[in-house]
Amino acid sequence: MGVSFMDLFEYANDESMRKVELGPGAVMLHGFALSDEEALLTDLNAVVEQAPFRHMVTPGGHRMSVAMTNCGSLGWLTDRTGYRYDPIDPENGQPWPAMPASLLKLAQSAASEAGFPAFTPDGCLINRYEPGAKLSLHQDKDEKDLNQPIVSVSLGLPAIFLFGGAKRADKQLQLHLNHGDVVVWGGPARLFYHGIKPLATGEHPRLGRYRLNLTFRKAS
DNA sequence: GAGTCGCC
DNA sequence: AACT
């Protein structure tokens, strides 16, 4: 007898709970990013200036509603030929912007808090959602090193994060992600299916009409 | 044959 | 679904 699914749903969405164990290897950290907000947004702006957001295309030929860019030595890409990590931004032929120290520090401190003290991310995928944008249920499985977790930081407009299990059909927790929330999953949860429901319209004091999601990973 | 970071 |  552990906590029931409904109990977990309540705990996981209670912002007064600073840290919620979602299951083995998966942790929700409420309001974790807020202390570094100024440096974070300044550094993010610099990254995006060098590597602008773009709507990538899936192997099936569909344009993604989420706009993406990357920083760090490896960036995640999708195009007609498939999903992969690449050190070069195909839009300009240049390496992705280096990962700013503020981002790396945030990712490592969140990972440590979640029980992964040796996290050494080499890539950060930056996802920009506007109202209506979504990411359907998927696994992060293009990384060579599945021993290290995924660290996901939410900024700006709120979203509903679907966090399922090892099989697509597994029941999903619906987690309300607000500005500054972090979700970390690794170990037994590393390949769990997850997604984002279509973003509701809104206005955030710092990020306006957008939600930004930073997902740190060790790709190589 | 299995799977799909998409679509309706 | 159209492709891997």
Side-chain angles (χ1 to χ4, degrees), chain A residues 22 25-26 28 44 47-48 51-91 96 99 103 107 121-177 181-200 210-220:
Chain A
L22 303 175
M28 169 95 190
L44 278 172
V47 165
V48 168
F53 286 110
R54 77 293 306 264
H55 291 273
M56 297 181 186
V57 173
T58 65
H62 297 110
R63 173 188 187 272
M64 296 184 74
S65 59
V66 177
M68 300 176 160
T69 187
N70 290 277
C71 65
S73 56
L74 287 172
W76 185 86
L77 293 179
T78 174
D79 60 20
R80 291 308 298 260
T81 73
Y83 311 134
R84 66 188 177 281
Y85 281 94
D86 200 302
I88 300 298
D89 178 352
E91 289 295 313
W96 298 102
M99 193 183 302
L103 271 73
D122 55 14
C124 176
L125 173 63
I126 306 170
N127 288 162
R128 187 189 68 187
Y129 297 75
E130 47 194 320
K134 65 167 188 172
L135 202 50
S136 52
L137 215 57
H138 68 279
Q139 298 169 294
D140 289 14
K141 57 190 291 190
D142 301 320
E143 302 73 28
K144 281 183 197 156
D145 188 353
L146 297 177
N147 293 313
Q148 297 211 31
I150 300 290
V151 172
S152 169
V153 178
S154 293
L155 298 169
L157 288 180
I160 296 177
F161 182 57
L162 303 173
F163 190 68
K167 293 173 294 181
R168 180 179 284 275
D170 287 346
K171 182 160 62 171
Q172 303 137 33
L173 265 180
Q174 296 198 18
L175 302 171
H176 295 259
L177 297 183
D181 291 346
V182 179
V183 185
V184 179
W185 63 98
R190 178 59 180 73
L191 291 177
F192 278 15
Y193 280 88
H194 56 281
I196 290 283
K197 293 181 83 167
L199 214 70
Y210 294 114
R211 169 176 188 261
L212 295 185
N213 179 66
L214 317 176
T215 49
F216 298 90
R217 53 288 292 284
K218 175 87 170 80
S220 65

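A, B, ... follow the sequence lines: proteins, then strands. Residue 1 opens every chain.
Atoms CG (A/Leu191) and C1' (B/dG3) sit 14 Å apart, rounded to a whole Å. Atom P of nucleotide C/dT4 and atom CG of A/Asp79 are separated by 12 Å, given to the nearest angstrom. We find that CG of A/Asp140 is positioned 12 Å from P of B/dT4, with the value rounded to whole Å. Separating the CG atom of A/Leu137 from the P atom of B/dC7 is a distance of 14 Å, rounded to the nearest angstrom. Distance NE2 (A/His138) to C1' (C/dT4): 18 Å, rounded to an integer number of Å. Rounded to a whole Å, the NZ atom of A/Lys167 is 16 Å from the P atom of B/dA2. What separates CZ of A/Arg63 from C1' of B/dC7 is a distance of 14 Å, to the nearest Å.
A close approach under 4.0 Å does occur between a side-chain nitrogen or oxygen of A/Tyr193 and OP1 or OP2 of B/dT4. OP1 or OP2 of B/dT4 sits under 4.0 Å from a side-chain N or O of A/Gln139. Between A/Arg168 and B/dT4 there is a side-chain polar atom (N or O) within less than 4.0 angstrom of OP1 or OP2.
At the heavy-atom level, A/Thr58 lies under 4.0 Å from the strands shown only through sugar-phosphate atoms. Nucleic acid contact class of A/Asp142 (heavy atoms, under 4.0 Å, all strands): base.
Nearest nucleotide to the A/His62 side chain, out of B/dT4, C/dC3, B/dC7: B/dC7. Distance from the side chain of A/Arg80 is smallest for C/dC3 among the nucleotides B/dC7, C/dC3, B/dT4.
When Watson-Crick and G-U wobble pairs are counted only if both distances are under 3.5 Å, B/dG1 pairs with no nucleotide at all. Base pairing annotation: B/dC7 forms no Watson-Crick or G-U wobble pair, as no partner gives both donor-acceptor distances under 3.5 Å.
When all heavy atoms are compared, the tightest approach of A/Phe53 to A/Ala67 is CD2-O, 3.7 Å.
By the 4.5 Å heavy-atom criterion applied to side chains, A/Arg84 and A/Asp142 are not counted as neighbours.
Between the side chain of A/Asp122 and the main chain of A/Ala219, a donor-acceptor pair closer than 3.5 Å is present.
With 3.5 Å as the limit, one finds no donor-acceptor pair spanning the side chains of A/Glu130 and A/Tyr210.
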TODO: Show the numbers, then the answer: is there a side-chain hydrogen bond (donor to acceptor under 3.5 Å, both in side chains) between A/His194 and A/Asp140?
DONE: CA-CA 9 Å; A/His194 56 281; A/Asp140 289 14; 3.0 Å; yes

